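Heavy-atom basis, side chains included; hydrogens, waters and symmetry copies ignored. Residue numbers count from 1 along this sequence. Fair warning: this is a prediction, and the values are worked out from it, not measured in the lab.
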Amino acid sequence: QVQLVESGGGLVQAGGSLRLSCAASGLAFSNYVMGWFRQAPGKEREFVAAVSRSGGTRTYNPDSVKGRFTISRDNAKNTVYLQMNSLKFEDTAVYYCAADRRADTVVVVTQGYEYDYWGQGTQVTVSS
């Protein structure tokens, strides 16, 4: 049974930082592209960042998080991370990690419908 469990969310002041983690089990983690998405109340789910199987390719939502967030993965620990710096009120959302099985080790995936598995989410609240 595949499980993706996010952690690290919470309440933080604007300008602060948080580090989200997503621990995966029940799958061959290194065979999966990993992504982070978020959904704010009343808004559609939004792509945040993705990292390739090897970790060598990363991509970010250029309009909202690039330059502030960093995605990384540790294949030995079956975990993907999202370091979030300079947080803004508009970053408030539930953050989800997702896994997409891919043969290519360098590709990244930005469309949510392509992902195979999703976590339950972790709430991030940024106070202004």
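Side-chain contact between M84 and V124: present, with at least one pair of heavy atoms (C-beta onward) separated by less than 4.5 Å. Using a 4.5 Å heavy-atom threshold, the side chains of D100 and Y117 count as separate. A heavy-atom distance below 4.5 Å is found between the side chains of W36 and V80. Taking 4.5 Å as the limit, some side-chain heavy atom of Y96 sits within range of a side-chain heavy atom of V94. S25 is not listed as a side-chain neighbour of Q1, based on a closest heavy-atom distance of 4.5 Å or more. F29 is listed as a side-chain neighbour of R73, based on a closest heavy-atom distance under 4.5 Å. Looking at heavy atoms from C-beta onward, V33 lies in side-chain contact with V107 at the 4.5 angstrom threshold. For the pair E114/R101, no side-chain contact is recorded, criterion being any heavy-atom separation below 4.5 Å from C-beta on.
The two residues A93 and Q123 come nearest to each other via the heavy atoms O-NE2, 3.4 Å. In this structure, T57 and V108 approach most closely via the heavy-atom pair O-CG1, 3.4 Å. V2 and G26 make their closest contact through CG2-O, 3.4 Å (heavy atoms, listed as atom of the first residue, atom of the second, distance). Listed here is the closest heavy atom pair of V109 and A50: O-CB, 3.4 Å.
Residue pairs meeting the salt bridge (charged side-chain N to carboxylate O under 4.0 Å, His left out) criterion with at least one member in residues 50-71, sequence neighbours excluded: R68-D91. Sequence neighbours left out, not one pair with a member in residues 119-128 passes salt bridge (charged side-chain N to carboxylate O under 4.0 Å, His left out).
Evaluation of the ring-ring contact (aromatic ring centres under 6.0 Å, His included) rule for F69 yields no partner, not counting sequence neighbours.
For Q120, the CD atom sits in a loose shell: 12 or fewer heavy atoms of surrounding residues, nucleotides or ligands are nearer than 6.0 Å.
R19 forms a cation-pi arrangement with Y81, by the criterion of a distance under 6.0 Å to the ring centre and an angle within 45° of the ring axis.
In this structure, F47 has its ring center under 6.0 Å from that of F37.
A distance-only check finds a donor-acceptor pair linking the side chain of T79 to the backbone of K77 [under 3.5 Å].
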task: Could you walk me through whether S17 and N85 pass the side chain to side chain donor-acceptor pair (under 3.5 Å) test, one step at a time?
output: CA-CA 4 Å; S17 298; N85 298 329; 2.9 Å; yes

